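Comments concern the structure below.
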Amino acid sequence: MYRAWKFLSEYSLLLIIGAGAALIWANISPESYHALVEFTLWENAPVGHLHIDPDGHGHRTLTAHYLINDMLMALFFAIAGKEVWEAIALPDGSLRGKKAVTPLIATMGGMLGPVTVYLLGAVALGKFALLANGWAIPTATDIAFSYLVGRLVFGAGHPAVMFLLLLAIADDAAGLVILAIFYPQGDLAPAWLLLSFGAAIAVWFLANRLPRMLDASRPSLPASTFVLQKLSFWPYLIAGAASWYGFHQAGIHPALGLLPIIPAIPHSDVEFGFFAEEEEHQTDLLNTIEHGLKSPVEAILFLFGLANAGVEFSAIGEATWLVFLGLVIGKPLGIAAMGWIAARPLGFGLPVGMRMSDLIVLGCVAAIGFTVSLFVAGVAFPPGPVQDAAKMGALFSFAAAAIAIAAGKLVRVKRQALPAAV
């Protein structure tokens with residue numbers, strides 16, 4: 001069972017299983033599926049979906065869907081945020097320096113391309129007003145699945161795999177900003193963000209900076225040792241809850257509510273990179289928390305797939321094809337065009353051993369949107385036929401894996417294994 005769980009969690013198959021189960025269930029018995037997903041856990045709750053009564057008073061309802069998408073998924077975005085923070089802030093971060101310039105510029109293309117295809121398609125269909133708000137759905141790149149397909153197409157040792165990871169991390173960072181700015185939940189009340197960022201500053205000072213100040217003249221470091229051994233992650237858990245509530249009240253999607261706390265958690269000055277095996281041996285608090293969250297987050301992703309991928313096949317519509325074409329056409333073209341501009345006219349180049357034709361194949365791999373595309377579809381449109389159609393487009397993006405494999409064979413990608421250990 002341990003080996004089976006490790007296999008499932010490593011390759012995110014739990015998410016696929018959840019999505020597959022939802023798809024089958026919703027098409028066999030849609031009534032029972034939606035009854036479970038929208039099951040009310042707590043009426044008149046302090047958090048949850050806001051409903052305005054006829055008399056003008058509001059009340060909140062905590063449903064299973066809200067619990068999964070807005071509360072539990074905060075842990076998933078916290079792990080994604082941790083990787084982005086490491087890549088940007090640490091001295092050896094993968095998104096620092098000249099090595100990251102071409103992937104970052106290619107990421108811009110990987111977002112502008114899908115948006116252009118999506119919006120032009122909406123104009124051509126004459127339904128711009130109805131569909132325009134879904135422009136961000138095809139901008140996403142699913143890190144885990146793209147990484148797996150990238151290794152399959154290029155081989156684990158090919159420089160395109162690291163290029164893909166840099167691009168996917170930057171894409172995630174931009175996606176978090178898009179979610180926060182362009183998809184607010186209800187009326188904005190930005191003053192509540194003072195609670196979120198105040199909690200982050202307070203926990204950084206009280207659990208991190210202050211103990212070091214108290215230990216300045218004491219070699220045994222009693223204050224820091226007490227915080228590390230006795231308090232551990234608890235101060236950050238409390239601060240995280242406060243930050244999440246601040247986002248909830250501010251009208252910004254609360255699934256992003258743990259992000260301000262990430263920089264406040266102690267971290268070593270070494271970053272090995274996303275999916276690096278060496279990360280497993282890091283014992284600083286931030287990595288320790290991530291290690292502890294990995295298995296729960298995989299279970300959460302199963303629930304996320306189950307709660308969001310339950311779309312009836314009859315829901316296929318214009319939004320389906322706009323999302324799908326934005327991903328499988330707009331993203332590869334955008335990445336290839338902007339990557340070429342960065343590598344050739346701007347002179348930043350490509351990693352040694354990577355060809356321009358590899359960039360096109362990489363763009364096809366990055367077109368797998370799935371997880372984040374599903375999430376954005378759920379906030380871009382209200383529940384109903386358009387949201388379901390957009391979600392189907394996100395599910396169809398798995399076809400990008402087959403397209404990438406075919407493209408790799410067409411341009412004769414030379415697979416490269418990892419170098420043998422000496």
Side-chain angles (χ1 to χ4, degrees), residues 80 83-120 135-136 138-143 146-147 149-151 153-178 271 273-275 325-369 372 400 403-404 407-408 410-416:
E83 299 294 342
V84 172
W85 169 250
E86 287 182 332
I88 294 173
L90 299 184
D92 57 347
S94 53
L95 293 183
R96 290 171 68 98
K98 185 179 178 180
K99 63 184 177 183
V101 174
T102 301
L104 286 173
I105 295 175
T107 300
M108 292 172 54
M111 303 193 82
L112 293 174
V115 171
T116 302
V117 169
Y118 182 96
L119 293 179
L120 287 178
W135 62 269
T139 62
T141 293
D142 191 295
I143 292 182
S146 295
Y147 171 74
V149 175
R151 284 174 64 107
V153 173
F154 293 104
H158 199 290
V161 174
M162 180 53 66
F163 190 104
L164 174 66
L165 283 176
L166 294 177
L167 183 147
I169 292 171
D171 189 285
D172 260 23
L176 295 176
V177 173
I178 287 172
E271 192 262 330
F274 204 73
F275 289 108
L325 294 176
L327 283 164
V328 301
I329 294 178
K331 191 169 280 285
L333 289 179
I335 288 173
M338 294 300 288
W340 178 82
I341 290 173
R344 295 292 187 264
L346 296 182
F348 292 109
L350 292 173
V352 176
M354 186 173 168
R355 307 170 299 164
M356 286 303 304
S357 57
D358 294 334
L359 196 59
I360 299 172
V361 180
L362 184 148
C364 295
V365 177
I368 303 173
V372 181
I403 295 171
L410 186 65
V411 303
R412 298 181 180 180
V413 166
K414 296 180 180 178
R415 298 182 79 254
Q416 298 180 26

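Computed over heavy atoms, backbone and side chain alike; hydrogens, waters and symmetry mates excluded. Model, not experiment: these values are computed from the prediction.
- Distance check: Thr141 OG1 to Leu165 CG gives 11.0 Å after rounding to the nearest 0.5 Å.
- Remark: side-chain polar atoms of Arg151 are not paired, donor with acceptor, to backbone N or O of Gly157 under 3.5 angstrom.
- Between Leu327 atom CG and Ile403 atom CD1 the span is 10.0 Å, to the nearest 0.5 Å.
- When the options Ile105, Leu104, Thr107 are evaluated for a side-chain contact (heavy atoms from CB on, under 4.5 Å) with Leu167, the one that passes is Thr107.
- Every residue meeting the ring-ring contact (aromatic ring centres under 6.0 Å, His included) condition with Phe154, not counting sequence neighbours, appears here in chain and number order: His158.
- The shortest distance between side-chain heavy atoms of Ile368 and Val149 falls below 4.5 Å.
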Check the pair Ser146 / Leu164 against side-chain contact (heavy atoms from CB on, under 4.5 Å), numbers first and verdict last. CA-CA 8 Å; Ser146 295; Leu164 174 66; 4.3 Å; yes
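- In this structure, the separation between CE on Met111 and CE on Met338 is 12.5 Å, given to the nearest 0.5 Å.
- With rounding to the nearest 0.5 angstrom, the SG atom of Cys364 is 10.0 Å from the CG atom of Leu410.
- Between Phe163 and Thr102, some side-chain heavy-atom pair lies under the 4.5 Å cut-off.
- Every residue two or more places apart in sequence or in another chain that forms a ring-ring contact (aromatic ring centres under 6.0 Å, His included) with Trp135 is listed here: Phe182.
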Let me see the working for Lys414 and Asp358 under side-chain contact (heavy atoms from CB on, under 4.5 Å), right down to the final yes or no. CA-CA 9 Å; Lys414 296 180 180 178; Asp358 294 334; over 6 Å; no
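- Between Lys331 and Asp171, at least one side-chain N (NZ, or NE/NH1/NH2) sits under 4.0 Å from a carboxylate O, which counts as a salt bridge.
- Within the 4.5 Å cutoff, no side-chain heavy atoms of Leu350 are placed close to those of Arg355.
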Please report the C-alpha distance between Val411 and Ile360 in whole Å, then the side-chain angles of each, then the deciding distance to 0.1 Å, and finally whether the side-chain contact (heavy atoms from CB on, under 4.5 Å) criterion is met. CA-CA 9 Å; Val411 303; Ile360 299 172; 6.0 Å; no
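- The minimum heavy-atom distance linking Asp142 with Gly369 is given by the pair CB-O, 3.4 Å.
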